[in-house]
Peer 1: 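Okay, here's the structure, questions in a sec.
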Amino acid sequence: MNKHWFIPFTILIASVCPSNADLLPENKQSRHFQAMHQHLDLGGVLYGYVEIDGDMEKLAEMGQEIFDAIRKINPRDFPLEVNFQRVLQATGLNGIKAIGASSYKDGEVYRNKVFLLAPGEKRGLLRIAGGKPHAFETWSFAPAGADVVFEQDLNAKAIYDVIMEVAQIVMDDEGPAVIEGTLMQPLPELGFKPMKIINDLDLKVSVVVDMQENRLLTIPDSPGNGIKMPLTDAVVKIDKMGWLIDHLAPLAAPEDGLRVFRDLQWEGIELTEEAPGDFKVYRPVLMKHLRTGSLVLATRQVFAQRCFSEKPTLAEDPKFKQAIEGLPRKGNGFAYVSTTLHETVNDVFEQIPPGEMGGMENVVQKLVSFVIPGKNGPEASVSVNLPEGFLTVANSGSSLKSDLASAIAVPMLNVGPLLLFSIRAPFSDDRVLDVPDFIEADEAIFLENNAEAIEIPIDEEDDPIEDIDQLLRELELPPPPVPDQKGNKGD
């Protein structure tokens, strides 16, 4: 088994694979390779596979040994026994048997895939991503021209179930009883029990952002002549949670700056206090959609109304159709980003006056450019729960190899500029000091601004450890298993 599965596998085995690549005979292949390989594409700019079957158990075993050794030294600080293997099984993470990824160029875009092999019934945290694949509601919910669209099944109740199971492992029946007893207590003023929220946490979250490039707003208090950005509308829809408004509205009614309203379609709370300058157009609202029971948060009620009404939809948008070409039409998670978001952020940085960010404008702009998708065209991804695992397929302007290289290179490339920026002193003559001069000048400024004496208390020296050798012996772990001639490691 690979004890170092956590090393980024794409660094180790990413390569350009020849079209006539030969595979090992099946009797020599990794146990889970074929199950993984059928979901990936061999022959592109990246292909990676790592089997981790049993490695999580090895890590749990190592953690158990360390915990038991520490608990033996100081049992008063660790009164409870913890069975790490049972905790691991409760999380369900031991169900992940392998991880794979591939990337190849298809016309002007890269088809990127990531697959987690987790065959069989999903347990623990693996239930978070929802159940069976389905058609995406946001394709008709979002208006044509929307720039950021996100939809994700979210079974957050799975986290609660894992917590309860771990509490049972650690504290027997007392643990779950204490947690459940707390969650069954009504919340003051709100009048509902936290358990009601938990019971409704198997839901769907949707986000839609629409940036109107033909309607520019000046950012309040921005430098220079004012930085402009498009009017940006956004709506967040959370299924099943609209009942929260029934409890929040009575609390909001007497508050200044809030307006409680109800009509044939909505019941909600609006922030009536105007934002400064051009941003006064925004009137954030938190509402319940009466027909669906969804909880809706929006920058403006008019945009939420548009999303729930008849209109040209995202599914009819030609750019969107191009972005999702070749992707699954059903799944459990979906994301789409047009080029507008990247262009807007880039334009904002270009409007910042030189020197406003201490000369770091270009560096920050490049960092943001790496992070925000859509630079080379619209991008989309779909995540699907399959009986044998979790597959994510994306159409992107860059390959997974490029994304990985950027993630590694960007921090390293910016260590130098950041270091130079940190030792540049903001003095009136704008001179750059070398390190010793900077330290002396900085100390002089500090002493000038802090004339009063500063007394720093000195703690008493800690008592020395009486038997350091005995402590080290108790913490010593058994040596790792030695591979046999076949390369297998003993248990």
Side-chain angles (χ1 to χ4, degrees), residues 1-15 17 21-42 46-67 82-103 112-131 155 158-159 161-162 165-166 169 332-333 383-393 400 404 477-491:
M1 295 180 185
N2 178 12
K3 296 184 67 177
H4 303 288
W5 59 268
F6 48 86
I7 297 175
F9 60 89
T10 45
I11 298 178
L12 299 177
I13 51 181
S15 62
C17 302
D22 295 325
L23 299 178
L24 290 170
E26 286 195 19
N27 63 334
K28 295 183 180 180
Q29 290 176 7
S30 167
R31 175 184 174 187
H32 300 292
F33 177 75
Q34 286 297 333
M36 171 72 71
H37 179 60
Q38 64 177 323
H39 295 289
L40 302 180
D41 302 306
L42 179 64
L46 180 143
Y47 186 95
Y49 165 80
V50 169
E51 181 178 313
I52 62 173
D53 192 3
D55 290 350
M56 297 295 289
E57 287 84 353
K58 289 292 184 181
L59 289 176
E61 181 181 341
M62 182 184 301
Q64 187 76 63
E65 293 170 352
I66 296 173
F67 178 81
V82 180
N83 186 319
F84 279 50
Q85 292 293 347
R86 290 185 62 193
V87 170
L88 174 63
Q89 292 171 7
T91 66
L93 296 179
N94 60 323
I96 301 177
K97 304 302 181 182
I99 304 173
S102 67
S103 187
N112 299 329
K113 293 183 178 180
V114 175
F115 186 70
L116 300 182
L117 180 66
E121 182 182 359
K122 308 300 184 289
R123 298 189 68 252
L125 298 177
L126 298 188
R127 295 166 48 224
I128 289 179
N155 181 11
I159 300 175
D161 294 337
V162 169
E165 189 170 348
V166 172
I169 294 170
N332 303 87
S383 297
V384 187
N385 296 346
L386 300 174
E388 59 272 26
F390 305 93
L391 174 67
T392 296
V393 187
L400 289 175
L404 177 65
L477 301 177
V482 179
D484 57 24
Q485 293 180 350
K486 296 181 180 180
N488 299 317
K489 296 181 180 178
D491 294 330

Peer 1: Can you give me the closest heavy-atom contact between Leu117 and Met36, atom names plus distance?
Peer 2: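 That closest heavy-atom pairing would be CB-CE, 3.9 Å.
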
Peer 1: Test of understanding: with side chain to side chain contact (heavy atoms under 4.5 Å, CB included), list the residues that count as partners of Asn385, not counting sequence neighbours.
Peer 2: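 Partners of Asn385 under the side chain to side chain contact (heavy atoms under 4.5 Å, CB included) test: Ala129, Asn332, Phe390.
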
Peer 1: What residues form a side-chain hydrogen bond (donor to acceptor under 3.5 Å, both in side chains) with Ser103, not counting sequence neighbours?
Peer 2: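 Checked Ser103 against side-chain hydrogen bond (donor to acceptor under 3.5 Å, both in side chains); matches are Asn112.
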
Peer 1: Report the distance from atom CG of Leu59 to atom CD of Gln64, rounding to the nearest 0.5 Å.
Peer 2: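 Separation between the atoms: 13.0 Å.
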
Peer 1: Just how far is it from atom CG of Asn155 to atom CG of Asp161, taken to the nearest 0.5 Å?
Peer 2: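 One finds 7.5 Å between CG of Asn155 and CG of Asp161.
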
Peer 1: Identify the two heavy atoms, one from Val162 and one from Gly124, that lie closest to each other, and give their separation to 0.1 Å.
Peer 2: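 Result for this residue pair: CG2-CA, 3.6 Å.
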
Peer 1: Keeping to residues at least two apart or across chains, list the side chain to side chain donor-acceptor pair (under 3.5 Å) pairs with something in residues 29-40.
Peer 2: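 Only Gln29-Gln34, Ser30-Tyr49, Ser30-Glu51, Arg31-Asp53, His32-Asp53, His37-Tyr47, His39-Glu388 qualify under side chain to side chain donor-acceptor pair (under 3.5 Å).
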
Peer 1: Using salt bridge (charged side-chain N to carboxylate O under 4.0 Å, His left out) as the criterion, list what pairs up with Lys122, not counting sequence neighbours.
Peer 2: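 Residues passing salt bridge (charged side-chain N to carboxylate O under 4.0 Å, His left out) with Lys122: none at all.
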
Peer 1: With Pro387, which residues qualify under side chain to side chain contact (heavy atoms under 4.5 Å, CB included), at least two apart?
Peer 2: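 Partners of Pro387 by the side chain to side chain contact (heavy atoms under 4.5 Å, CB included) criterion come out as none, since no residue qualifies.
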
Peer 1: I'd like to check the side-chain hydrogen bond (donor to acceptor under 3.5 Å, both in side chains) partners of Asn83; sequence neighbours left out, ordered by chain and number.
Peer 2: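 For Asn83 there are no side-chain hydrogen bond (donor to acceptor under 3.5 Å, both in side chains) partners, ignoring immediate neighbours.
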
Peer 1: Check residues 84-95 and write down every donor-acceptor pair under 3.5 Å in which the side-chain atom is one partner and the other belongs to a residue at least two apart or another chain.
Peer 2:
residue	atom	partner	partner atom	Å
Gln85	NE2	Glu57	O	3.0
Thr91	OG1	Leu88	O	2.6
Thr91	OG1	Leu93	N	3.3

Peer 1: In Å, rounded to the nearest 0.5 Å, how long is the span from CZ of Phe33 to CG of Leu23?
Peer 2: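 Going from the CZ atom of Phe33 to the CG atom of Leu23 covers 5.0 Å.
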
Peer 1: Give me the atom names and distance for the closest heavy-atom approach of Leu126 to Ala118.
Peer 2: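 Nearest heavy atoms, Leu126 then Ala118: CD1-CB, 4.2 Å.
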
